[in-house]
Structure formats: C-alpha cells, structure tokens
Amino acid sequence: MSVQIITDSASDLPEELVQKHNLEIMPLIVILEEKEYFDREQIKSKELYTALRDGKLAKTSQIPPARIKETFTKFAKEGQPFIYIGLSSGISGTYQSAAVIKNEVQEEYPDVKMEVVDSRGASLGYGLMAIHASELSAQGKNVEEILESLNESYIDHMEHIFTVDDLDFLQRGGRVSKASAFFGGMLKIKPILHVEDGKLVPIEKVRGKSKVYKRMVEIMEERGVNLQSQVIGISHGDDLESAEKLKEAIQEKYGGQDFIITEVGATIGSHSGPGTLALFFLNK
C-alpha cells in the first residue's frame, strides 16, 4: 500500500497539485475580526488580502486537535501508512500537537506506520517537500525511505528567501524577533528575510523594488545547487506581476526552469501581508 502524504493549509499548494498528488490537507485557523475560519475551506487568500488592505486585523491558530485526530484515525482505520509534513515548529504549535496525537492514534493502531515531520519550513517551502514525498510514494517507497530522503535532501536544504511590503504584519504576529533593526528609514527600503532553524530572520535590506528581484536571484546563485534541474517555487501575496518578474529574472540568469508559482494562502498571508514575494530552492 502506498504511503498517504498529509500536509496542512500553510503549505500554500495550488489545488491542482493537491489533486494531482493525492495530498490530504488539514486546515489551520484564520481569525479575522474575531471570527474563525478554516483556511482554504472557509476563507480564501483573496478575501484575506482584501480585508487586510481595508485595515482589518488577522490572526491565526493551529489546526484543531480534533481535526488532526480525525484525519490520522481515518487513515489508521484503513491500515493506510501515512506521513504528516507540517508547518515549522518554530512558527506554529501544530507540529507538537500532531506529534502528541500521532502517539495516541499509534497506541490504538500499533500495526500502522505513521510519522509526523517538522518541515522547519513555511509556505511553498514545505509544499515542495510534500510533493517530493508524494512522488516517492507513487514510486513505491515506504515510510522509512521517504523520511530518509526528506531528511537528507530537503528539510535542512530548502531555502526560503522572501520580501514583504510591510514588516509590521510580521512584527504584530511575533514572527520576526529581530525586525526592530530594520525599521530605521523604511522609506522605499525592502527587507529580505529567510528561514533559519525554522524561524523567520531578516538578513538584509535593499533600496527599491526593482533591486529586490536582482538580489534574490544573486542569493539564489550564492546558495543554490543544481538549479537548472530543480523545481523552483515562487509564492506571492496577491502580486502575480512581481512573481512573474522574479521568474523572468531567474530564467534570464539560468535559462528554462521548472517553476511552481502560487499565491500565499490565508494562514501565512495573515502574518506576511499583501505584496509578499518568496523564492524557494534547494541549497548546497
């Protein structure tokens, strides 16, 4: 029996890829004006960005434990081995909850192989991991083989290079601990951040939006490996034009590439805000 791959809504995978790879998606909670919504199921990213631009406040909460248990139990009852690849434990408490619930379900179904993975990533950074895992499953790889590949090639090697229009969104959510250093002279200055040890960390700032594309490609060149043979991920906060410009800059540098371009979903978008632009690739 093939391994079922489960991830969550903060992986920001387009619906067509979710269907193509037979992925199970569990929703995090988006709280908008004190009302709770299941991400992807009850609120879409476009609705969120409209609300944020109107000055409304958004927060998020982890997947309800009952939903996690329901999902894990559904597959365990069928004798279906599964792997859940979750949002970084440095960003959300979902991974810890899922690990506890997995142990509870494992006690009831001891013969079913099940694992919970801390992606140490966000958005399409671990969406690409879920796709990779599903492809290995389709090739007949078992749970141990899929975990080995994720640990060796992806979890410590997925780069998240991104910029936001307004760091205030990240600071309000407590997602950037070092952001204060970046608030001096923010006029026309675009911060560039990355994920380090599963947490969001600013790395530098660039003056002018046009220079951001160039700098992101330079960082990609400095850190990346075998870029021509990788699937490159780009996600954006309701700014497809910028995503396409970044894609063009990468193609100009490296030639034709295999790209996945997607919109940052409501969970991540609640903290990064409109105008976010993120680049995902494997490093050295």
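The figures here come from the full heavy-atom set of this structure, side chains too, leaving out hydrogens, waters and symmetry mates.
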For residues [X] and [Y]: do they belong to one hydrophobic cluster (side chain heavy atoms under 4.5 Å, members Ile, Leu, Val, Met, Phe, Trp, Tyr)?
X    : Y   : result
I25  : L17 : yes
M1   : I5  : no
I29  : I43 : no
F38  : L23 : no
V100 : I63 : no

How would you list, by chain and number, every residue that makes a salt bridge (charged side-chain N to carboxylate O under 4.0 Å, His left out) with [X], sequence neighbours excluded?
X    : value
E218 : R215
E263 : K46
K69  : E104
E252 : none

Would you check, one step at a time, whether the test side chain to side chain contact (heavy atoms under 4.5 Å, CB included) holds for E16 with K20?
CA-CA 6 Å; E16 61 267 23; K20 177 182 177 180; over 6 Å; no
With rounding to the nearest 0.5 angstrom, report the [atom1] to [atom2] distance, [X] to [Y].
X    : Y    : atom1 : atom2 : answer
L150 : M158 : CG    : CE    : 9.5 Å
L277 : Y213 : CG    : OH    : 6.5 Å
I192 : M216 : CD1   : CE    : 6.5 Å
M26  : T71  : CE    : OG1   : 5.5 Å
E159 : N283 : CD    : CG    : 4.5 Å
D197 : K199 : CG    : NZ    : 8.0 Å

What closest approach, in Å, do [X] and [Y] show between heavy atoms, and which atom pair accounts for it?
X    : Y    : value
M129 : S119 : CE-O, 3.5 Å
H21  : S134 : ND1-OG, 3.1 Å
V112 : A76  : CG2-O, 3.6 Å
S97  : I68  : CB-CD1, 4.3 Å
L87  : A10  : CD2-CB, 4.0 Å
P65  : I101 : O-CD1, 3.4 Å

Under the 3.5 angstrom rule, does the side chain of [X] hit a backbone N or O of [Y] as a donor-acceptor pair?
X    : Y    : result
E221 : G224 : no
Q80  : S2   : yes
Q62  : S92  : no
E115 : I85  : no
E36  : V30  : no
D118 : S89  : yes
S11  : T7   : no
D239 : S242 : yes
S137 : A133 : no
S88  : G198 : yes

Other residues, nucleotides, ligands: >12 heavy atoms within 6.0 Å of E222 CD
yes
Around E34, counting heavy atoms of other residues, nucleotides and ligands shown, do more than 12 lie under 6.0 Å from its CD?
no
P191 and V164, any side-chain heavy atoms less than 4.5 Å apart
yes
Side-chain donor-acceptor pair present, T262, D12, cut-off under 3.5 Å
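D12 and T262 do not have a side-chain donor-acceptor pair below 3.5 Å.
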Distance-only donor-acceptor check, side chains T73 and Y109, under 3.5 Å:
no
Taking side-chain contact (heavy atoms from CB on, under 4.5 Å) as the test, write out the residues that go with K74, two or more places apart.
E24, E78
Tell me, with the steps shown, if Q139 and E135 meet side-chain hydrogen bond (donor to acceptor under 3.5 Å, both in side chains).
CA-CA 6 Å; Q139 295 166 18; E135 290 173 341; 5.8 Å; no
H132 and Y154: CA distance, side-chain angles, deciding distance, side chain to side chain contact (heavy atoms under 4.5 Å, CB included) verdict
CA-CA 9 Å; H132 175 69; Y154 274 77; 3.5 Å; yes
Take F281 and I161, measure what side chain to side chain contact (heavy atoms under 4.5 Å, CB included) needs, and give me the verdict at the end.
CA-CA 9 Å; F281 59 92; I161 306 299; 3.9 Å; yes
Are E148 and K141 ion-paired here, with the side-chain N under 4.0 Å from a carboxylate O?
no
With side chain to side chain contact (heavy atoms under 4.5 Å, CB included) as the test, pick out the partner of V117 among I83, I6, N151.
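The passing option is I83.
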Assign the ring pair H160 / F280 to parallel, tilted or perpendicular, where the plane angle (0 to 90°) is split at 30° and 60°.
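Taking F280 first and then H160, their aromatic rings stand perpendicular (interplane angle over 60°).
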Begin from the C-alpha positions of D156 and R120 and carry the test side chain to side chain contact (heavy atoms under 4.5 Å, CB included) through to its verdict.
CA-CA 8 Å; D156 289 330; R120 291 160 66 177; 3.1 Å; yes
Partner set under side chain to side chain donor-acceptor pair (under 3.5 Å) for Y37, not counting sequence neighbours:
none
Worked check of salt bridge (charged side-chain N to carboxylate O under 4.0 Å, His left out) between K190 and D165:
CA-CA 7 Å; K190 297 280 288 183; D165 269 353; 2.4 Å; yes
